[in-house]
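One structure below.
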Amino acid sequence: MRAGGSSIMSEQPVVSIEQISQFEGQDITVKGWIRNRRSSGKLSFLTVRDGTGDLQAIVSKGEVGDDQFSLCSQLTQESSVILTGKPRRDVRAPGGFELDVSTLAVIHIAEPFPIQPKDHGVGFLMEYRHLWLRSRRQHAILRVRHEIIRTCRNFFDDRGFTLIDTPIFTPNACEGTTTLFQTQYFDQVAYLAQSGQLYGEAAAAAFGKIYCFGPTFRAEKSKTRRHLMEFWMVEPEMAFADLPDAMQLAEDLVSTVIQRVVETRRSELEILERDIPKLEAMVKPFPRITYEEALRRLQQKGAAIQFGDDFGADDETSLAQEFDRPVIVHRYPADAKAFYMAKDPERPDLALCMDMLASEGYGEIIGGGERIHDLNKLLAQIKAHDLPEEAFKWYVDLRRYGTVPHAGFGMGIERVVAWICGLDHVRETIPFPRMLYTLYP
RNA sequence: UCCUCGGUAGCUCAGAUGGUAGAGCGUUCGGCUGUUGACCGAAUGGUCGCAGGUUCGAGUCCUGCCCGGGGAGCCA
């Protein structure tokens, strides 16, 4: 055993806290940060985190000597340390195990940490987002986010979809009217992508089944619990596919994601106090209703809404509350929808589109449908929406060379994370949220 | 952009009717061999968001502005 503890090298195995139970009684090294310290004279209790979990470490004056013990008494919240010692099973410890420390090496004594283990206001925490990420709760959320993203990728990869990255700088508006972030692109104007869909359609004609996964940007001045200016979206697109195919894929994706997170991130969901049985019950098939059926249900409840109106936030919530799992609403009035949406041949006033509304009032998590594949219909729509034909020339070309029915959708990752974690705001679902007027840190 | 609530110590907040500012936590020092957001004692801490106005006197009343929370519209 070394004395002094000044070296950061160690002969013992370096063990992550989540693996600690496998090393009971062995000499090991743990590298991490101090979450909290409680001291009682000749005994000090350190809560150490290492990114995989928390561990209570016991430093005893009799065990480590006066020098090491006084070093220990200087440790502030978030000081970085390397500890060696033996893990011991103990019911008094929060994780079931604690570490009897034999040597302590201090890498850095942290300055007083702004975030204390107590309640803080949201504004303050957002200002210190770079430090807030260290909290148990933020850590749990971002691990669930990771699991959701991983599951989406595996889901599409396993089904023969090819990942196609779409550009972030774009020359024109995908959906025409929505607000775009404008930026300088040498001597031209460019916009940040608000969707990869149009490029996804080109890729689907090349590869059959594709998906893109990346950040998207919308300069809508929205200030709600469901909006970010920069958010991540996964967007599959399939050639030779129609609206029912898109609805089926969406249902398979969302149910797979839920089941996978419940399976692999249960302890994180527990930290977040999520109602896990409620999540587990969300198995397919999901209910599917038409826009008109949804309209009838809302009108029966007394909502002042008529055909042609889009659903407001309250409408979506009240509709979703009728079901114990996500609900798919399809065939909205075509007038309110984007130019590329195919129309129902039997009801030309309806678009072959669908939204998936998450349960428990989390709102729309998926939007998509079947695209127009007929050249003349698309040209007519571009004209009707008063869009610049020149900018869409390449997109129109897709209807000139072997056009086929195709469909797809976009799923907003942050809303899915907020819903699965049971959060009341999407700002906690992404490491560094970009919000209206909030660009720092 | 609109509606609404707020801005007092590093943090979370309290400061009736206008009379010159408080607590807890943190930090520093001391005490404690089983603590769980430990506890006990002491010390430390403020242009009361900014600028005007009313008043003998404004954290408190009035006007304007800035910043933040919640909500709406729009959307994923």
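Predicted, not measured: the structure shown is a model, and the values here were computed from it. In what follows, chains are A, B, ... by sequence order, proteins preceding strands, each numbered from 1.
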### Query
Which part of the nucleic acid does A:T76 contact within heavy-atom distance under 4.0 Å: base, sugar-phosphate only, or nothing?
nothing
### Task
Classify the side chain of A:S39 versus the base of B:rC32 as yes if they form a donor-acceptor pair under 3.5 Å and no if they do not.
yes
### Task
May I ask you to verify if any side-chain N or O of A:R38 is less than 4.0 angstrom from the OP1 or OP2 atom of B:rG34?
no
#### Entry: Watson-Crick/G-U partner (both atom distances under 3.5 Å) of B:rA72
B:rU1
### Query
Looking for any heavy atom pair under 4.0 Å, which part of the strands does A:R427 touch: base, sugar-phosphate only, or nothing?
sugar-phosphate
### Task
Hey, can you tell me if A:F392 and A:Y395 have their rings parallel, tilted or perpendicular (30° and 60° cut-offs)?
perpendicular
### Task
Report the base-pairing partner of B:rA21 (Watson-Crick or G-U wobble, both distances below 3.5 angstrom), or none.
none
### Query
With side chains defined as the heavy atoms from C-beta onward, is the minimum distance between A:R260 and A:F155 less than 4.5 Å?
no
### Query
Which is true for A:I366 with a 4.0 Å heavy-atom rule: it touches a base, it touches only sugar-phosphate, or it touches nothing?
sugar-phosphate
### Task
Using both distances under 3.5 Å as the test, list the Watson-Crick or G-U wobble partner of B:rC61, or none.
B:rG53
### Heavy-atom side-chain contact between A:R415 and A:E364 under 4.5 Å
yes
### Message
Categorize A:Q56 for me: base, sugar-phosphate, or nothing, with a 4.0 angstrom heavy-atom threshold over every strand shown.
### Response
base
Using a cutoff of under 3.5 Å, can you pull out all pairs of nitrogen or oxygen atoms linking the protein to nucleotides 3-12 of chain B, with atom names and distances?
unit_1 : atom_1 : unit_2 : atom_2 : d
B:rG10 : N2     : A:Q116 : NE2    : 2.5
B:rC11 : O2'    : A:H120 : ND1    : 2.6
B:rC11 : O2     : A:K118 : NZ     : 2.4
B:rU12 : OP1    : A:G121 : N      : 3.0

## Note on the structure
Taken to the nearest 0.5 Å, the spacing of A:L55 CG from A:R49 CZ works out to 13.0 Å
### Task
Answer with base, sugar-phosphate or nothing: what part of the nucleic acid does A:R137 contact at a heavy-atom distance below 4.0 Å?
nothing
### Task
Starting at CD of A:E270, measure out to CG of A:L272 and round the result to the nearest 0.5 Å.
10.0 Å
### Query
So what does A:F113 hit on the nucleic acid, given a heavy-atom distance under 4.0 Å: a base, only sugar-phosphate, or nothing?
nothing
### Message
Using a heavy-atom cut-off of 4.0 Å across all strands, would you classify A:E98 as base, sugar-phosphate, or nothing?
### Response
base
